[in-house]
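What follows is a single structure, written as structure tokens, with notes after it.
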Amino acid sequence: MAGRWKNDLNWSDITPKAAFLNRRQLMAGAGAAALGGAAGPALADLGAVPSEYSTDMEPNTFEEITSYNNFYEFGTGKGDPAEYADALTIDPWTVTIDGMVDKPGDYSFDDLVSGMTLEERIYRFRCVEAWSMVVPWVGFELADLLNRVGVQDGAKYVAFETLVRPEEMWAQKRPILEWPYREGLRLDEAMNPLTIMATGLYDEPMPKQNGAPIRLVVPWKYGFKSIKSIVKISLTDKEPPTTWNMLQPSEYGFYANVNPNVDHPRWSQATERKVGGGLFAKRVPTQMFNGYEEEVASLYEGMDLSRYY
Ligand SMILES: Nc1nc2c(c(=O)[nH]1)N[C@H]1C(S)=C(S)[C@@H](COP(=O)(O)O)O[C@H]1N2
Ligand SMILES: [Mo]
């Protein structure tokens, strides 16, 4: 693991939100008594620990992360999810795990999360639309869940589905996408330690607009792979159909690895706009695999990365 990914807790180098800093200091045990009232429940209350996989880049604010979203079940505007996702009922919540697994079943959210090691993962997040954020997720490794349910020999892919509930997700009454929203990963991608099931961000349980109560986060792929509000996980031996790929295969591949050298047919992927940087902020170069090359490049040995997948 390269040092730049280490969460080396060098507080003088970064100036995140006060509440965030307070909590991180609490986590590090750096004089909790001196802090006087960190805002909100401490991350420790969620049982989460910091991770070596976190970037030391400054995270976007909670406000930015929860007000600029893509969640088409609630409309296609960036502000629509924050406005409409309140309608979503997340308790009770059941995730069906089926296909090539030893222990298929309907798992309640509590069943699913109990026994998992929650970690804080501060990841870069790069949308295919060429904007980016840094998000302090809380979650557990998908590999831990897959190992718990027992992946059978011959399984090669993991397929995911979002809830369909048009009474609460108003835009599902419109043919914007083919519902349910679907995504998928190759099994080795799903098993990579960077791949997490996120159940919160900052000190909070996952906000509804960000995919409550549980969503996927795959930080080296374009954001559309990180499917929200998951109700189904299936192990299969065939590449599963995925929403954006079905809609427009020439623009959205199954792999969708962040790659500054392969442009979207309608725009460049060489640079990105950091959300929160202001209207006139300079664009920054996009990194191969969104900066996670060292961790994931080996998954794609033999694939021609100059090609569009
Ligand atoms: N179910 C569902 N999941 C989804 C989407 C969606 O519309 N519906 N949008 C995707 C896209 S394009 C992006 S960029 C991210 C945005 O996540 P965020 O709003 O938490 O930043 O969610 C992804 N997951
Ligand atoms: Mo996206």
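Whatever order the structure lists ligands and atoms in, that order sets their numbers, starting from 1.
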Polar pairs, ligand 1 vs protein, N/O only, below 3.5 Å.
residue	atom	partner	partner atom	Å
ligand 1	1 (N)	Glu73	OE2	2.9
ligand 1	1 (N)	Thr162	OG1	2.9
ligand 1	3 (N)	Lys228	N	3.1
ligand 1	7 (O)	Tyr72	N	2.7
ligand 1	8 (N)	Glu73	OE1	2.8
ligand 1	9 (N)	Asn70	O	3.2
ligand 1	17 (O)	Arg215	NH2	3.3
ligand 1	17 (O)	Lys228	NZ	3.4
ligand 1	19 (O)	Asn69	ND2	2.8
ligand 1	19 (O)	Asn70	N	3.4
ligand 1	19 (O)	Lys228	NZ	2.7
ligand 1	20 (O)	Asn210	ND2	2.9
ligand 1	20 (O)	Arg215	NH1	2.7
ligand 1	24 (N)	Ser226	O	2.9

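- Using cut-offs of 30° and 60° for the angle between ring planes, the Tyr252 and His264 rings count as tilted.
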Please tabulate, one pair per line, all N/O donor-acceptor pairs under 3.5 Å involving side-chain atoms of residues 141-152, not counting sequence neighbours.
residue	atom	partner	partner atom	Å
Glu141	OE2	Arg121	NH2	2.7
Asn147	ND2	Ala143	O	3.1
Arg148	NH1	Leu112	O	3.2
Arg148	NH1	Ser114	O	3.3
Arg148	NH2	Asp111	O	2.9
Gln152	NE2	Val101	O	3.2
Gln152	NE2	Asp102	OD1	3.2

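- Looking at heavy atoms from C-beta onward, Val95 lies out of side-chain contact with Val231 at the 4.5 angstrom threshold.
- Counting non-hydrogen atoms of neighbouring residues, nucleotides and ligands closer than 6.0 angstrom, the CD atom of Glu178 reaches no more than 12 such neighbours.
- Counted by atom type alone, Glu189 and Tyr300 present one or more donor-acceptor pairs between their side chains at under 3.5 Å.
- Between Phe71 and Phe74, the ring planes are perpendicular. Angles over 60° get that label, and only those under 30° would be called parallel.
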